[in-house]
A.B. asks: 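After the structure tokens below, expect a handful of questions from me.
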Amino acid sequence: MLIDTPILVYSKERSTDSSLQRHCPSIEQNIESNDMSCIRKQFIDRGISTKTASIMLCSWRKSTKKQYKVFVKKWFSYCRERKISEVQISINIVLDYLTILYENGLGYSSINTARSALSALGLVIDNVLVGAHPLVVRFMKGVYNLRPTKSKNICVWDVSLVLNYLRKLSPVNMLTLQEVTLKLVMLIALTNATRVQTLKFLSVDCMEKLRDEFVFHLDVLLKQSRPGYKNPDVKLRAFPPDRRLCVYTVLKEYIKRTEILRVHTKQLLISYIKPHKAVTCSTISRWIKVVLQKSGIDTRQFSAHSVRSAATSKAKLYNVSLADIMSKAGWTNVNTFATFYNKRIINSNSFDVNVLNN
DNA sequence: TACCAGTCGTTCGCGTAGAG
DNA sequence: CTCTACGCGAACGACTGGTA
């Protein structure tokens, strides 16, 4: 049976509990609601205090809540259109909802998110959360067989193509701000196998300048952050063998150029056009793709995220230790990684030097 | 130890801000 | 007004850890 419609709804610009308003919205109002108020309501109905419920709602990252919201909205819309009340919810209705999503052309991954969202709503049928209901499980297997998740790429581009292009972008002091930005972003991505998320989190506040390296300490939650997990530092070391690929030099130049432009933010990466605001992950991704394209790599096939596999694959080829690769890339599950890279690794040269060495 | 439910970040496409 | 870089929403793939 479906949980009741919520009685607690945030005001649009809510951010704190004090802005909570109490009223009795219908399903329609639910659709307009832009957060997890239904889930909050479920907690509160169980006698959990508002403060406790707020903490529990933080168990999901912002991105997960945002993603669930889409399917929660669709779910309520579906119920409203068919005039289905909470007491009528059955497994057939849930399956019908999922089928409609399928018929709308959604893939396995998206429908799987819809399933998780319904579970998060606390929808229980036959004493199990709908996500784990045997018929839903059966349905999902069917969706998977019909529209399997396609793994991105089997192969990966050659890092040396990008290095060749980056070498042309020198000397750094003669480059435009745009060029320095692109070069810097790509060099950090390559030498640390970072996600764009990590690049966005780099802040001049948590930057430490040593004699021949910059170290960024990340005190934020990364994708892989869990209790007991310590974020790896992002280290940008000088690369004496080839000044043109020296991320340390490029960063020094970038900081020099952007110091006066970075007014309202501590974020390292800011837009190279006025008003030079802090950029989002979308923009950083786009920057990386620009470099890939200019290096002659097909960007229809390879996205910004492919830098991770390109860098780690090359590191593996040059016998960087598995532990070093995993720590750099932020992979915590040895088995997952070993599935793809299960060759015996001989010695343990450092990650960044091997990625840059040709 | 293999699988899978659940979680989280990235990508794509499109509307839009804002500089020139 | 035009042009281009930006950022948001929807959809998707990457990844994990519990469990059978």
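Naming: A, B, ... by sequence-line order, numbering from 1 per chain. Values below: every heavy atom of this structure, side chains too, minus hydrogens, waters and symmetry copies.
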A.B. asks: Taking OP1 and OP2 of B/dC8, is either one under 4.0 Å from a side-chain nitrogen or oxygen of A/Thr64?
C.D. replies: yes
A.B. asks: Answer yes or no: does a side-chain N or O of A/Ser303 lie under 4.0 Å from OP1 or OP2 of B/dT10?
C.D. replies: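 Looking at the OP1 and OP2 atoms of B/dT10, neither is under 4.0 Å from any side-chain N or O of A/Ser303.
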A.B. asks: Figure out the CG/C1' separation between A/Leu106 and C/dG13, and round it to whole Å.
C.D. replies: 14 Å
A.B. asks: Taking CG from A/Leu222 and C1' from C/dC15, how many angstroms apart are they, rounded to a whole number?
C.D. replies: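 The distance from CG of A/Leu222 to C1' of C/dC15 comes to 14 Å, rounded to the nearest Å.
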A.B. asks: Using the closest heavy atom to pick a nucleotide of DNA chain C for each, name whichever of A/Ser282 or A/Ile273 lands nearer the 5' end.
C.D. replies: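 So the residue in question is A/Ile273.
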A.B. asks: Of the nucleotides B/dG6, C/dA11, C/dG9, which one has an atom closest to the side chain of A/Lys66?
C.D. replies: C/dG9
A.B. asks: Is there a side-chain contact between A/Thr283 and the phosphate of C/dA5, meaning an N or O under 4.0 Å from OP1 or OP2?
C.D. replies: no
A.B. asks: Under 4.0 Å between a side-chain N/O of A/Lys223 and OP1 or OP2 of B/dT10, yes or no?
C.D. replies: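 Negative; the distance criterion is not met.
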A.B. asks: With no angle test and no hydrogens, is the base of B/dC8 tied to the side chain of A/Gln197 by a donor-acceptor pair under 3.5 Å?
C.D. replies: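 Absent.
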A.B. asks: Looking at A/Lys183 and A/Glu179, is there a salt bridge between them, counting it only when a charged N and a carboxylate O are closer than 4.0 Å?
C.D. replies: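 The answer is no: the pair does not qualify as a salt bridge.
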A.B. asks: Taking the side chain of A/Ser110 as heavy atoms from C-beta outward, which of C/dA5, B/dT7, C/dA11 is closest to it?
C.D. replies: C/dA11
A.B. asks: Of the options B/dG6, C/dC12, B/dT10, whose atoms approach the side-chain atoms of A/Thr113 most closely?
C.D. replies: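 Among the listed nucleotides, the one closest to the side chain of A/Thr113 is C/dC12.
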A.B. asks: What's the CG-C1' distance between A/Asn112 and C/dC12, to the nearest Å?
C.D. replies: 11 Å
A.B. asks: Between atom CZ in A/Arg147 and atom P in C/dG13, what is the gap in whole Å?
C.D. replies: 12 Å
A.B. asks: Please classify the nucleic acid contact of A/Arg300 as base, sugar-phosphate, or nothing, using heavy-atom distances under 4.0 Å.
C.D. replies: nothing
A.B. asks: Considering just the side-chain nitrogens and oxygens of A/Arg286, establish if one lies under 4.0 Å of OP1 or OP2 belonging to C/dA5.
C.D. replies: no
A.B. asks: How many angstroms lie between atom NZ of A/Lys209 and atom NZ of A/Lys252, to the nearest 0.5 angstrom?
C.D. replies: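 Rounded to the nearest 0.5 Å, the NZ-NZ separation comes out at 5.5 Å.
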A.B. asks: With a 4.0 Å cutoff (strictly under), does any side-chain N or O of A/Tyr108 reach OP1 or OP2 of C/dG13?
C.D. replies: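 Looking at the OP1 and OP2 atoms of C/dG13, neither is under 4.0 Å from any side-chain N or O of A/Tyr108.
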A.B. asks: Which nucleotide, B/dA5, B/dG18, C/dG9, lies nearest any side-chain atom of A/Val137?
C.D. replies: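 The closest nucleotide is B/dA5.
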A.B. asks: Ignoring hydrogens and geometry beyond distance, is the side chain of A/Thr280 in donor-acceptor contact with the base of C/dC6 at under 3.5 Å?
C.D. replies: no
A.B. asks: Would you mind telling me which of C/dA11, B/dT11, C/dG13 lies closest to the side-chain atoms of A/Ser109?
C.D. replies: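 For the A/Ser109 side chain, the nearest candidate turns out to be C/dG13.
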A.B. asks: Between C/dC6 and A/Ser271, is there an OP1 or OP2 to side-chain N/O distance shorter than 4.0 Å?
C.D. replies: yes
A.B. asks: Considering non-hydrogen atoms only, spot the tightest contact between A/Lys289 and A/Ala304 and give its length.
C.D. replies: CG-N, 3.9 Å
A.B. asks: Is A/Ala278 touching bases, backbone alone, or none of the nucleic acid, heavy atoms closer than 4.0 Å?
C.D. replies: sugar-phosphate
A.B. asks: Cut-off 3.5 Å, side chains only: do A/Ser90 and A/Asn92 have a donor facing an acceptor?
C.D. replies: no
A.B. asks: Does the side chain of A/Asn112 pick up a donor-acceptor pair with the side chain of A/Tyr144 at under 3.5 Å?
C.D. replies: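 Side-chain D/A pair, A/Asn112 to A/Tyr144: absent.
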A.B. asks: Apply the test side chain to side chain donor-acceptor pair (under 3.5 Å) to residues A/Thr249 and A/Arg244: give CA-CA distance (whole Å), side-chain angles for both, the deciding distance (0.1 Å), then the verdict.
C.D. replies: CA-CA 9 Å; A/Thr249 311; A/Arg244 295 167 299 174; over 6 Å; no
A.B. asks: Using heavy-atom distances to pick each residue's nearest nucleotide on DNA chain B, tell me which of A/Lys62 and A/Val130 is more 5'.
C.D. replies: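 The residue closer to the strand's 5' end, by nearest nucleotide, is A/Val130.
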A.B. asks: Establish, with yes or no, whether the OP1 or OP2 oxygen of B/dG6 is under 4.0 angstrom from a side-chain nitrogen or oxygen of A/Trp60.
C.D. replies: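 No, because none of the side-chain N or O atoms of A/Trp60 sits under 4.0 Å from OP1 or OP2 of B/dG6.
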A.B. asks: Any side-chain N or O of A/Arg308 less than 4.0 Å from the OP1 or OP2 oxygen of C/dC15?
C.D. replies: yes
A.B. asks: Mind checking the CZ-CG spacing from A/Phe201 to A/Leu218? Nearest 0.5 Å is all I need.
C.D. replies: 8.5 Å
A.B. asks: Just how far, in rounded Å, is P of C/dC6 from NZ of A/Lys200?
C.D. replies: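 Atom NZ in A/Lys200 sits about 13 Å away from atom P in C/dC6.
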A.B. asks: For a quick test of reading the model: is some side-chain N or O of A/Ser63 closer than 4.0 Å to OP1 or OP2 of B/dG9?
C.D. replies: yes
A.B. asks: Can you figure out which of B/dG6, C/dC12, B/dC12 approaches the side chain of A/Arg115 most closely?
C.D. replies: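 Of the candidates, B/dG6 comes closest.
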A.B. asks: Looking at A/Lys74, I'd like to know whether one of its side-chain N or O atoms comes within less than 4.0 Å of OP1 or OP2 on C/dA11.
C.D. replies: yes
A.B. asks: Would you mind classifying the nucleic acid contact of A/Lys141 as base, sugar-phosphate or nothing, using non-hydrogen atoms under 4.0 angstrom?
C.D. replies: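 Touches sugar-phosphate only.
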